[in-house]
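As a basis for the values below, the full set of heavy atoms in this structure was taken, side chains included, without hydrogen atoms, waters or symmetry mates. Since the model is a prediction, treat every value here as computed from it, not as a measurement. Proteins come first, then strands; the chains are lettered A, B, ... in the order of their sequence lines, and each starts at number 1.
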Amino acid sequence: MPSLTRRRSSASPGGVIVHDEEDTSSSEDESLDGEVVVVTGRKGSTRLDEDPRVEVDATVSVKKTKAAPITLSLKKVCKVCKGTGHEAGFRGATYIDCPKKPCFLCKMPGHTTISCPHRAAVENGAVPARDSRGAQTHLDYVFKRQLRAKIPVLKQSFVIPDQVDCGVIKLHSRRVTCLEFHPTKSSILLSGDKKGQLGIWDYGKLHEKTVYGSVHSCILNNMKFNPSNDVMLYTSSSDGTVCYTDIETGIPLILMDLNPNGWNGPASWRMLYGLDVHPEKGLLLVADNFGYLYLVDMRSQNPIGEPLLIHRKGSKVVGLHCNPLQPDILISCGNDHFARIWDVRRLEDGSSLAHLAHGRVVNSAYFSPLSGSKILTTSQDNRIRVWDSIFGNLESPSREIVHSHDFNRHLTPFKAEWDPKDPSESLAVIGRYISENYDGVALHPIDFIDTTTGQLVAEAIQPDITTISPVNKPHPREDILASGSSRSLFIWKPKETADFDEQRKRKSDFVFVRPEKDSKGGMDCDSDDDFVSDPKAKKPKGHKGRKVKPSVSLLL
DNA sequence: AAGTCATGTCGCC
DNA sequence: TGGCGACCCTGACT
């Protein structure tokens, strides 16, 4: 008589799975010529042929012969569409899409990410979308093949900080939401997290880092320095407050609180997003999750005027940016799928100068940093858009670039950032959502895109960083990029300037800092315990099913 | 090492 | 228009 074989599992390869209930005495019988029997059992039912209560899965066939071969024909089920005959998920370090769903990259049906024309192209994911105003002609191809290669490059070559110089693991206890470089002290990076904590890290000295936990009580969405006082920082948060904080003490002054009566449910709780300074007027601009813009007078430190509806009522305003040359010109973007341009001098209901339509939520809209004449937007329809002249035709973007930066509720929204040091105002930096198989490791690079051509200029990867990096900030003056990946921060430099000899000398590429569990007030992370250089220290784990090479640089 | 959980947007009814 | 549930590459922790 065969004994009942049970297996407690929920994802055996190729298996529909059945669980025991209240049974702690599971056992496996290997005498059945390697065949596995998966049975739904109940407490006390130990033998299949004796207990009529045993339920056999529909896909299991049981032969009551002497040898009692019990076979399984378990159908593979796609975790995405629940259909059979295919499976979505990682195969090694390569992700296989569900063929029944639209392409995860360009969102068009009929193909998957692997065969997507936007991915298969040499530009590898970041290529200009087909221009809707003019299909490609034969002349275009002639131009590309025969002429373009002979045109001398007039543009300066980009300097790409694509080598990790140093990093802080877990300075924050929740994912990083925003980054800002100190305006005058070049090696100081400020970071905000989902918990509302404010991190200050001097990456030049590595050890000097502080986390203030009492500035905000939930997501720190944006920060901006006072242009006339580089110790003072403005922050906006989903707790509904704008704070003005001395970064040397971490003591905040609340300039505005939209939830003075506390929590009365989500219908009334206001969250503040976007934050920018109008230096000439001494104005602070912030917006909320119901579509309203607020102005705060920086001198009197008080809100002024009435809130103005700038996006669809009830929809979140995600970002604000004043034009660098004409700060009266403001751009806002929001969940109503629009970016809108305003004149701060005459703000009224419906007075927007232009509205830029997008396929989905607009995560960010920034004027170009030098001339302010271009606009770069990031939308959740997996497209980066560039509008070339804010005084020109804004009905449609002058360029759309397909790029993977989808929405995921567990990730900080991706935002493409201008490189402020690029005199041609064409280089943009943005993290990539979908992974690429890099020598057997699934990694999510940070992409450097030439927005004038849509070409992927460079992609920054580091085998140790297996997490997605949605937050990236190019340094305003130096060839440095800061990125926030989950709870960690990294500093990237160009290969030739990254100081690897120095790193080897100090035997640590990375600095590990334990997050404080329940921080009240400032947290000083400078105790010796915070640093790990032990070769036995925990290695970074790859994601499920992804093959990750052992880390060397982390453990030097 | 499989399970758990945190929790934003969108589409559908 | 509003409430509800599905959800495609998460990541850290148990």
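- Taking atom NZ on A:Lys107 and atom P on C:dC9, their separation rounds to 10 Å, with Å as the unit.
- The nearest whole Å value for the distance from the CD atom in A:Glu87 to the C1' atom in C:dC9 is 15 Å.
- Regarding A:Lys79, its NZ atom lies at a distance of 13 Å from the P atom of B:dG3, rounded to whole Å.
- A search for ring pair (Phe, Tyr, Trp, His ring centres under 6.0 Å) contacts involving A:Phe414 returns nothing, not counting sequence neighbours.
- Under the ring pair (Phe, Tyr, Trp, His ring centres under 6.0 Å) criterion, A:His355 pairs with A:Phe338, sequence neighbours left out.
- The residue A:Tyr433 sits close only to the backbone: its heavy atoms come under 4.0 Å of sugar-phosphate atoms, none of a base.
- In this structure, A:Asp193 atom CG and C:dG11 atom C1' are separated by 15 Å, rounded to whole Å.
- Looking at residues two or more places apart in sequence or on another chain, you find no ring pair (Phe, Tyr, Trp, His ring centres under 6.0 Å) involving A:Tyr273.
- Note: CG (A:Leu443) to C1' (C:dT10) measures 15 Å, nearest angstrom.
- With rounding to whole Å, A:Arg312 atom CZ is found 11 Å from C:dG2 atom P.
- Rounding to whole angstrom units, CD1 of residue A:Ile465 and P of C:dG11 are separated by 12 Å.
- A close approach under 4.0 Å does not occur between any side-chain nitrogen or oxygen of A:Arg174 and OP1 or OP2 of B:dC5.
- Heavy atoms of A:Pro266 sit nowhere under 4.0 angstrom from any nucleic acid atom.
- Comparing the same atom, C1', in C:dC9 and in B:dG11 gives a spacing of 22 Å after rounding to whole Å.
- A:Trp387 pairs by the side chain to side chain donor-acceptor pair (under 3.5 Å) definition with nothing, not counting sequence neighbours.
- Put simply, the side chain of A:Ser486 never gets that close to the backbone of A:Ser488: no donor and acceptor are under 3.5 Å apart.
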Between protein and nucleotides 6-12 of chain B, what N or O pairs are separated by less than 3.5 Å?
| from | atom 1 | to | atom 2 | distance (Å) |
| --- | --- | --- | --- | --- |
| B:dA6 | N1 | A:His410 | ND1 | 3.3 |
| B:dA6 | N3 | A:His410 | ND1 | 3.4 |
| B:dT7 | OP1 | A:Lys194 | NZ | 3.1 |
| B:dT7 | O2 | A:Arg409 | NH1 | 2.7 |
| B:dG8 | O6 | A:Arg409 | NH1 | 3.0 |
| B:dT9 | OP1 | A:Lys316 | NZ | 3.2 |
| B:dT9 | OP1 | A:Asn335 | ND2 | 3.4 |
| B:dT9 | OP2 | A:Lys316 | NZ | 3.3 |

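- Note: A:Phe104 and A:Tyr433 meet the aromatic proximity criterion, with ring centroids under 6.0 Å apart.
- When rounded to the nearest whole Å, the span between NZ of A:Lys101 and C1' of C:dC8 equals 8 Å.
- Considering only side-chain N and O atoms, A:Ser486 lies under 4.0 angstrom from the phosphate OP1 or OP2 of C:dA12.
- In this structure, A:Ile468 reaches the sugar-phosphate backbone alone: every heavy-atom distance under 4.0 Å involves primed, P, OP1 or OP2 atoms, never a base.
- A search for salt bridge (Lys or Arg N to Asp or Glu O under 4.0 Å) contacts involving A:Arg175 returns nothing, not counting sequence neighbours.
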